[in-house]
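Single-structure report; data block below.
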Amino acid sequence: RKEVEQDPGPFNVPEGATVAFNCTYSNSASQSFFWYRQDCRKEPKLLMSVYSSGNEDGRFTAQLNRASQYISLLIRDSKLSDSATYLCVVNPIDSWGKLQFGAGTQVVVTP
Amino acid sequence: DAGVIQSPRHEVTEMGQEVTLRCKPISGHNSLFWYRQTMMRGLELLIYFNNNVPIDDSGMPEDRFSAKMPNASFSTLKIQPSEPRDSAVYFCASSLSVGARPGEQYFGPGTRLTVT
C-alpha cells in the first residue's frame, strides 16, 4: 500500500465551479501536511500548508482529518489557471524533511 | 531573489556514460534535497543534506548514484555508469531547517535526463 494515496483524476471542472478532492495517508504519526501544485513539465510548487483546524487561502480551502487520516483540498470559483496536478504531501513526525508525495490529482478547468 | 538553480536543464546521454547534475540552492537555505520523478514511481526523495552533511541517502537507488555538497551553495548528483532506467526528471529543492515547516521546500526547474 502506498503511504500517500490520491485519486489521479482527471477532475474536469467548468470554469467558476467548485472542485474538491481528498488524499489519504497511512502513517498515523504524520506530523505536517501540505498541498503542492505541479504544472505540466514544471517543478512542484508549495500551494499551502494544512493545519489541524483547517485553513483557507483565497479560493483554496484545506482540511485535515487525523482520525480518518485524510486531507482534502477544495477550490472555489475555479479559474482556467487552476488546471494542474495537485500533490498531497505528508511529513512523518520522525523524519524531518523526508516528504512523502502522493502521485497527484489532475484538475482540468474548462471554459 | 533567485530560486533554486539547476543545470543542465536537459541531458541526453548514452548508456554507460557518466552524468553530473548540478544544483545551487536558495541563498540562506541550509537543507538541500535531490528528488527523481517518473510517471511510474512519481516523486521520490533520493538524498538530503543539512548544513552540507548528508543526512539520509536511503533513497539512492544503487551505488551508481552519488551526491556531494562541498559547500552551502552547490551540490552535485552523479550517475556512473548511467542506464536507460535512470531516465527521469531530477529535481533539487532547498529549505530552511530551522524556523520553517519541513514541507516548505522550494524546487528547482529540474533536469530532464534521457539515457539511450
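Here is how names work: the chains are called A, B, and so on, in the same order as the sequence lines, proteins then strands, and each is numbered from 1.
- Follow the hydrophobic side-chain contacts under 4.5 Å out from B:Y90 and you never reach B:I5; the two are in separate clusters.
- Using a 4.5 Å cut-off between side-chain heavy atoms of Ile, Leu, Val, Met, Phe, Trp and Tyr, with links allowed through other members, B:I55 and B:Y106 fall into different hydrophobic clusters.
- Interface remark: B:L45 contributes side-chain atoms only to the contact with chain A (heavy atom separation under 4.5 Å).
- Note: A:L46 CG to B:S95 OG = 11.0 Å, rounded to the nearest 0.5 Å.
- Shortest non-hydrogen contact noted between B:Y48 and A:K98 is CE2-CG, 3.5 Å.
- Under the 4.5 Å side-chain heavy-atom criterion for grouping Ile, Leu, Val, Met, Phe, Trp and Tyr, A:V50 is connected to A:L47 within one hydrophobic cluster.
- The two residues B:E104 and A:S49 come nearest to each other via the heavy atoms OE2-OG, 3.8 Å.
- Nearest heavy atoms, A:Q38 versus B:F91: NE2-CZ, 3.9 Å.
- Heavy-atom distances place no part of B:R41 under 4.5 Å from chain A, backbone and side chain included.
- Looking at B:Q37, the atoms closer than 4.5 Å to chain A (heavy atoms on both sides) all sit in the side chain, from C-beta outward.
- Rounding to the nearest 0.5 Å gives a distance of 4.5 Å between CZ of A:F101 and OH of B:Y35.
- Under a cut-off of 6.0 angstrom, the local environment of CG in B:N71 is crowded, with over 12 non-hydrogen atoms contributed by other residues, nucleotides or ligands.
- The number of heavy atoms from other shown groups lying within 6.0 Å of CD (B:E62) is above 12.
- Under the 4.5 Å side-chain heavy-atom criterion for Ile, Leu, Val, Met, Phe, Trp and Tyr, A:Y86 and A:Y25 are members of the same hydrophobic cluster.
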